[in-house]
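Here is how names work: the chains are called A, B, and so on, in the same order as the sequence lines, proteins then strands, and each is numbered from 1.
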Amino acid sequence: VITDVEIRTEDNVKIIPLAGRLDTYSAPKNRKLLEKTLTEAAAGGASPNLVIEMSHVSFVDSMGLSMLVQALKRARELNGDVRLCSVQQPVRMIFELTRLDKVFEIFVSESEAVQAFSEG
Amino acid sequence: MQEMLPPVFERNFEQIALLAQAWIHSGAQAFGIFSGDQLLAGWPAGAKGYIGSIAAQIRAGDTLIGEVRAAGVNGSAAQARLQADADMIGRLAAYESDLGLMAGGLLESRDQLLALYNLTQTTRSCFEMPQLLKTVAAEAQRLAGVETALLAVRPAGEGLIFQQQPHAFISDDLLQRLLSYIQYDERPFMLLGESEAGETWNGASLLLTPFDVRGADQAVLGMVGRFEHETIMPYVKLSRSIAEYTGGQIENILLFKQGIELAELQAEMDLARNVQLSLLPAQLPSIDGLDIWADSRPASQVGGDFYDLIYKPGQPLTFTAGDVSGKGMPAALMMAMTRTIIRSRTNTSPLPSPAAILERSSAELFSDFSEAGLFCTVFIGQYQPEERILTYTDAGHSPIIYCPSGGPAVLLQADCVPMGILPGSACKDYSILLAPGDVLVAGSDGLAEARRCSGEQFGYDRLYRLVENLAACPAKEIAQGIFSEIDEFCCGEEQEDDQTLVVLKATKP
């Protein structure tokens, strides 16, 4: 089910709750959403800091991973970062198997992810 | 309405003459038929004066159209008979008039049919939406004889396409606002004199007729003219007929466009599949003490799976299994490049270790992967048949299943992140013993992630058990067994991702 994503801002950190399957079918839409959010967050020279809330993400395939990696690379180019939180165990396993858990900072909760930004 | 009678009289002269002769035979001195004061005909021939005569008015409906007179007869019976004759001529005139109107109507509708036929002829060769809308708008304007006709269509999820002929009458912006106003109304909508926006249209009115089109969010036909509420009906009807016909044409174009897009996508996928399959090794090397089998099954939306086997007698066998993220042509091209670079980095002397091959390939490919927004998981293994040592490195590729003789099967965990994500590589070499009876299965994520219709995944545990159960078989049967078990699990569901397997089984020399 594709629903409109409600993006929130907390301490200059954009929180994006994604849901469902991050796969070939949903990747184009989510890629656009992340690009747009990054561009908006970077307006005026600010560092775009994003937290992707994954508690409702049930599956991630290589298209979904590549969409997240692209956003991460773009954010770091702009001196920002993309961090993940509330990742379900089966999804977390995909990150571990592909060793992307070494690339993304993954937090247990949203508040911890947001707080980590303010601590540098 | 004095002009109504003469043509009726002329067309029905014989019948009226019979009426006249009946009066003469029954004793009348003369009989005549008048339109106003003008005598149309008199009996007997040449009779002119009707002094002392009786007369009866001829009426068609409520309209007085003439008179009949008879001389030499009197009394109420004669008067009643004369009135009956007058009434009959009046009815005849009324019928003829109705018939004339109906014939006129028929002619008009025949003209409309002909015009619609012309419309079908001129739009038959339109394959582009703006061209179709322009043609129909021009024909509608000509047909209805209005000042301007306009057509607007919003294909599902796209922007508005809008044409007006012969000249622009309303702005795009105003049309957009009008469309949002009539969005949920299927009735024609008329705007008289001045628009709601306060623009003056010099007394012209706009008649908008929304119509349904499959594959479009909104479609509307507009006519601009000097309409009155009393005379608008013919325009509403004509608009309906044109709209109905145009709706069908628009659907055809939308379907046609969709067909082309699908064909383009299919062509790209076919090309990508050809690239992928042409790069897979055609022959498996034959090595003493090692049973090898490899196969890849591309999904309909081709992913970026690949494998390779590089062997020169006297050297270890180097083999790779990889998966470029993404689908279609971009993934297939990056996969071709990755495979080629890894191959060229392997074919150097002395033979580099798997981690060294990966590090050099990674450095070379990083910027290309970044640019394409893709990355690639790779497993590289090297097997020394004499010492039976398998050295390997793994950049995020999974699953790699190691099943020693007698089991249990275990997963060899990836050591570093996939190629194309970080500029450097921190991969290390690892070694295991592959003794006779031991099996190594290097698969791709499409195996464990294969789904049945309920959404349930094949998963890692089923894979481990399957490898354990098949471990006694030759490499080819292990691969075929895994594929057929996954097919059975998916019960006919379409394969969503590529599925690739490289199976190595150590045998007694």
Side-chain angles (χ1 to χ4, degrees), chain A residues 1-2 4 19-39 56-78 81-84 88-106, chain B residues 299-305 322-328 330-331 334 366-367 369-379 393-400 411-423 425-427 443-446 448-451 455-457 459-460 496-498:
Chain A
V1 181
I2 296 173
D4 283 332
R21 293 171 62 87
L22 304 187
D23 59 9
T24 309
Y25 303 100
S26 68
K29 182 179 177 269
N30 286 326
R31 178 173 286 131
K32 270 188 209 152
L33 173 77
L34 293 184
E35 262 170 33
K36 189 168 160 265
T37 313
L38 273 170
T39 311
H56 290 97
V57 172
S58 55
F59 174 80
V60 180
D61 75 357
S62 78
M63 273 301 252
L65 290 175
S66 124
M67 180 260 306
L68 293 174
V69 166
Q70 236 179 324
L72 177 86
K73 279 179 158 179
R74 182 86 191 105
R76 289 189 182 165
E77 272 171 26
L78 299 164
D81 201 6
V82 173
R83 292 175 186 177
L84 312 179
Q88 288 184 33
Q89 190 45 39
V91 174
R92 196 179 173 103
M93 192 185 79
I94 301 286
F95 280 86
E96 285 163 5
L97 288 170
T98 52
R99 276 296 169 226
L100 286 172
D101 58 340
K102 287 189 176 180
V103 182
F104 285 98
E105 283 198 61
I106 303 176
Chain B
S300 62
Q301 291 230 346
V302 186
D305 274 19
D323 181 5
V324 175
S325 62
K327 306 259 176 193
M334 281 312 291
F366 177 72
S367 61
F369 273 119
S370 288
E371 216 156 282
L374 301 173
F375 64 84
C376 178
T377 63
V378 191
F379 173 90
T393 192
D394 190 348
H397 196 74
S398 181
I400 309 296
L411 185 75
L412 299 187
Q413 300 260 5
D415 159 56
C416 58
V417 303
M419 279 166 75
I421 292 180
L422 301 173
S425 160
C427 283
S444 64
D445 57 0
E449 286 169 12
R451 279 196 299 168
E456 189 188 359
Q457 288 190 15
Y460 278 78
E496 285 178 53
D497 198 359
D498 298 347

A.B. asks: State, to 0.1 Å, how close B/I421 and A/K73 come at their nearest heavy-atom pair, and which atoms those are.
C.D. replies: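 In this case the closest contact between B/I421 and A/K73 is O-CE, 3.5 Å.
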A.B. asks: Can you say whether A/R21 sits under 4.5 Å from chain B via the side chain, the backbone, both, or neither, judging by heavy atoms?
C.D. replies: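 For A/R21, the contact with chain B is made by the side chain alone.
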A.B. asks: Residues of residues 57-66 of chain A under 4.5 Å from chain B (heavy atom pairs)?
C.D. replies: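 Hits under 4.5 Å: A/F59, A/V60, A/D61, A/S62, A/M63, A/L65, A/S66.
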A.B. asks: In terms of heavy-atom proximity below 4.5 Å to chain B, should A/M67 be classed as side chain, backbone, both, or neither?
C.D. replies: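 Interface part for A/M67: neither.
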A.B. asks: Any idea which heavy atoms bring A/T24 and B/K327 closest together, and the distance?
C.D. replies: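 Looks like OG1-CE, 3.0 Å.
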A.B. asks: How long is the span from the CZ atom in B/F369 to the CD atom in A/Q70, to the nearest 0.5 Å?
C.D. replies: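 CD of A/Q70 is found 13.0 Å from CZ of B/F369.
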A.B. asks: Just verifying a value: how many Å separate A/L97 CG and B/D445 CG, rounded to the nearest 0.5 Å?
C.D. replies: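 Here the rounded value is 10.0 Å.
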A.B. asks: Does a side-chain heavy-atom distance below 4.5 Å link B/S398 with A/T98?
C.D. replies: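 Not in contact.
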A.B. asks: Is it true that a side-chain atom of A/R99 and a backbone atom of B/A414 form a donor plus acceptor pair closer than 3.5 Å?
C.D. replies: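 Yes, the answer is positive, given that a donor and an acceptor are paired below the 3.5 Å cut-off.
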A.B. asks: Which atoms of A/L72 are under 4.5 Å from chain B, going by heavy atoms: the side chain, the backbone, both sets, or neither?
C.D. replies: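 Neither part.
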